[in-house]
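Chain A is the first sequence line, chain B the second, and so forth, proteins listed ahead of strands; every chain is numbered from 1.
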There are 2 protein chains.
Amino acid sequence: MTSAPRPASPRAARTRGVPEATVARLPVYLRALSALADEGVSTVSSEELATAAGVNSAKLRKDLSYLGSYGTRGVGYDVGYLVYQVSRELGLSQDWPVIIVGLGHLGHALANYGGFVSRGFAIRALVDADPDLVGVEVAGLEVRPIGELEQLVARHGIAIGVIATPATVAQEVCDRLVSAGVSSILNFAPTVLAVPEEVEVRKVDLSIELQILAFHEQRKVGAAHVTRELVEALPGRAAVSS
Amino acid sequence: MTSAPRPASPRAARTRGVPEATVARLPVYLRALSALADEGVSTVSSEELATAAGVNSAKLRKDLSYLGSYGTRGVGYDVGYLVYQVSRELGLSQDWPVIIVGLGHLGHALANYGGFVSRGFAIRALVDADPDLVGVEVAGLEVRPIGELEQLVARHGIAIGVIATPATVAQEVCDRLVSAGVSSILNFAPTVLAVPEEVEVRKVDLSIELQILAFHEQRKVGAAHVTRELVEALPGRAAVSS
DNA sequence: TAGATTGTTAATCGATTAACAATC
DNA sequence: TAGATTGTTAATCGATTAACAATC
């Protein structure tokens with residue numbers, strides 16, 4: 001590495017990377033934009049779009065500014081154009097081939113989930129270790145034996161794997177997916193997966209989400225208690241304003 | 001309890017609040033701790049537990065320090081005691097009654113998901129708008145008509161609602177849950193829900209997770225391109241170290 | 001030109017991390 | 001006491017937000 005051809009400023013910004021927090025919100029913006037497009041809305045202000053997406057407008061504008069300057073001052077954003085730009089940034093211009101491993105209740109639900117198929121993804125293979133499930137048709141696709149995992153990944157050029165197996169076999173499945181060439185994994189099994197650092201793992205953990213809710217719920221329920229305890233701990237104090 | 005209502009330092013810390021990022025990791029620690037307990041491990045260092053949970057040890061210690069000082073310097077943490085403390089902090093000492101609205105593929109999967117039931121939660125009611133589903137038994141519970149939502153919430157003292165309906169009706173379902181007294185909602189429908197600020201909503205959005213993966217996948221695929229472009233843009237340069 | 005709204009700056013806030021004193 | 005490991009400090013990093021100059 002020597003002198004370095006310094007790239008132009010906006011390119012540099014993109015190269016330096018869109019912040020993770022922003023990336024996580026782009027799909028939300030995209031959904032809101034698609035809804036607006038379906039309603040026939042052609043122009044939207046950052047204020048309106050932010051409301052639809054459930055964020056504040058400063059955050060929205062900052063997020064969009066990482067992609068480029070796609071708005072018009074005094075006017076707003078062209079809905080169709082922004083749909084295109086956000087889709088492109090997210091890599092949804094092409095269809096990503098997906099494999100689902102594990103066709104239990106959850107895998108079954110995922111295979112049938114419209115949102116997967118609708119935009120940017122195509123489920124190309126379903127595999128399961130249970131012989132009773134092999135051969136069954138789910139969402140128009142035949143469930144194949146887990147032994148075919150590698151060849152299915154290769155044949156369909158699959159880059160994204162969805163793990164919907166029991167936790168006990170998730171790491172093994174993950175290892176096989178990775179060595180077959182899958183480099184992005186969506187994990188529904190309640191386990192921490194170990195992967196090489198170039199592999200991206202996202203985790204969806206239903207019981208974790210519930211436990212986070214329980215924490216907040218407890219706080220609400222507890223609030224009355226705590227207040228009462230504090231009041232009782234104050235000798236000669238009649239009440240505390242709430 | 002006499003004069004000094006001034007809470008001791010750790011209590012004060014707890015009152016000031018556990019950071020959200022920490023709360024989100026506590027369930028992960030709890031799972032790792034439970035696994036260790038099942039293996040008969042009685043003591044664990046922050047280094048070991050951090051590895052099991054997939055975080056670094058400094059973060060783990062900082063997180064645990066918000067709950068109190070439950071470790072022993074030079075020794076580590078007692079697994080059983082820490083399970084108890086983390087569970088208590090998360091509000092899992094009691095069982096939270098849960099209602100699931102929408103018994104399609106996903107709702108069905110959720111009702112049967114072991115992780116929900118296992119610790120701290122009890123699914124008490126299932127409702128659906130589809131007359132064909134009403135009366136069907138799912139996970140040992142009879143699906144009731146959506147019209148009974150309010151009375152089921154009241155009867156079972158339900159505080160946590162899971163929305164697994166189509167996006168089109170999610171807001172309406174949410175409104176009904178909230179006015180029935182539910183104050184924590186786990187939303188699987190791909191919509192932004194509007195709720196009063198005292199209501200906590202968590203969102204699980206399968207297609208958003210996939211889209212985030214697509215973004216990173218695109219970067220990897222694109223990386224070769226970008227590198228090549230840069231190299232070609234450098235006259236007289238042979239190669240760039242990767 | 002006047003009004004509207006973006007894109008960006010800079011201040012603030014919260015989360016992460018390395019390092020190490022405290023202490024078992 | 002010596003070795004080990006926690007709990008905490010402080011530095012750093014990244015994300016959020018209000019405010020406003022740029023500009024349509």
Side-chain angles (χ1 to χ4, degrees), chain A residues 8-26 28-29 32-33 36 41-79 81-82 85-86 89 212 215, chain B residues 8-14 16-26 28-29 32-33 36 41-79 81-82 85-86 89 212 215-216:
Chain A
S9 161
R11 164 62 85 97
R14 196 164 333 137
T15 303
R16 214 166 291 138
V18 180
E20 265 306 306
T22 296
V23 172
R25 282 187 294 266
L26 291 180
V28 181
Y29 302 155
L33 284 164
L36 288 169
V41 177
S42 64
T43 301
V44 69
S45 70
S46 62
E47 198 64 57
E48 294 164 326
L49 183 53
T51 301
V55 302
N56 76 42
S57 65
K59 190 187 278 181
L60 173 80
R61 288 197 302 278
K62 189 114 232 281
D63 284 340
L64 293 182
S65 76
Y66 290 112
L67 315 193
S69 295
Y70 299 137
T72 306
R73 289 167 203 240
V75 178
Y77 300 89
D78 181 275
V79 172
Y81 185 55
L82 201 51
Q85 290 296 349
V86 174
E89 187 72 30
I212 295 171
F215 172 85
Chain B
S9 159
R11 164 63 84 98
R14 195 164 332 136
R16 214 166 293 138
V18 180
E20 265 306 305
T22 297
V23 172
R25 283 187 294 266
L26 290 179
V28 181
Y29 302 155
L33 285 165
L36 289 169
V41 176
S42 64
T43 301
V44 68
S45 70
S46 63
E47 198 63 57
E48 294 164 325
L49 182 54
T51 301
V55 301
N56 76 43
S57 65
K59 191 186 279 181
L60 174 79
R61 288 197 301 280
K62 188 116 233 281
D63 283 341
L64 293 182
S65 77
Y66 290 112
L67 315 193
S69 295
Y70 299 137
T72 307
R73 289 166 203 241
V75 178
Y77 299 89
D78 181 275
V79 172
Y81 185 55
L82 201 50
Q85 290 296 349
V86 174
E89 187 72 29
I212 295 171
F215 172 85
H216 293 291

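Remark on DNA chain C: of its neighbouring residues S65(A) and G74(A), the 5'-side contact belongs to G74(A), judged by nearest-heavy-atom nucleotide. With the nearest nucleotide of DNA chain D identified for both A21(A) and T72(B), T72(B) has the one nearer the 5' end.
Minimum heavy-atom separation, L49(A) to Y29(A): CD1-O, 4.4 Å.
With both pairing distances under 3.5 Å, dG3(C) is matched to dC24(D) as a Watson-Crick or G-U wobble pair. Summarising the base pairing, dA10(D) is matched to dT17(C) through a Watson-Crick or G-U wobble pair whose two defining distances lie under 3.5 Å.
Checked against dT16(C), dA15(D), dT8(D), the side chain of K59(B) finds its nearest nucleotide in dT16(C). Of the candidate nucleotides dA15(D), dT23(C), dT8(D), dT23(C) has the atom lying nearest to any side-chain atom of R73(B). Nearest nucleotide to the side chain of K62(A), out of dT8(C), dT8(D), dC24(D): dT8(C). Of the candidates dT17(C), dT8(C), dC24(C), dT17(C) carries the atom nearest the N56(B) side chain, counting heavy atoms from C-beta on.
Distances shorter than 4.0 Å separate some side-chain N or O of Y77(B) from OP1 or OP2 on dG7(D). Listed pair R61(B) / dT9(D) fails the phosphate criterion, with no side-chain N or O lying under 4.0 Å from OP1 or OP2. Regarding contacts with the backbone of dT6(D), a side-chain N or O of S46(B) is found under 4.0 angstrom from either OP1 or OP2.
Rounded to an integer number of Å, the gap from D78(A) CG to dT5(C) C1' is 15 Å. Computed from coordinates, the Y70(B) OH to dG7(D) C1' distance equals 14 Å when rounded to whole Å. Y66(B) places its OH atom 12 Å from the C1' atom of dG7(D), with the value rounded to the nearest Å. If you measure from atom CG of L60(B) to atom P of dA15(C), you get 16 Å, rounded to the nearest angstrom. When the C1' atom of dT6(C) is taken as reference, atom OH of Y81(A) falls 15 Å away, rounded to whole Å. Here dT8(C) presents its C1' atom at 15 Å from CG of L67(A), a figure rounded to the nearest Å. Residue D63(A) contributes atom CG, which lies 13 Å from atom C1' of dG7(C) at whole-angstrom precision. Regarding L82(B), its CG atom lies at a distance of 15 Å from the C1' atom of dT5(D), rounded to whole Å.
T22(B) places a side-chain heavy atom less than 4.5 Å from the side chain of R25(B). Proximity of L82(B) to D78(B): side-chain heavy atoms (C-beta onward) are nowhere separated by under 4.5 Å. Side-chain contact between T43(B) and T72(B) is absent, with no heavy atoms from C-beta onward closer than 4.5 Å. No side-chain heavy atom of Y77(B) sits less than 4.5 Å from a side-chain heavy atom of E48(B).
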Item to check | Evaluation steps, side chain to side chain contact (heavy atoms under 4.5 Å, CB included), between D63(B) and V55(B) | outcome: CA-CA 11 Å; D63(B) 283 341; V55(B) 301; over 6 Å; no

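Among the protein residues, E47(A) comes within range of no part of the nucleic acid, since none of its heavy atoms lies under 4.0 Å from any strand. A58(B) comes within 4.0 angstrom of a base, heavy atoms only.
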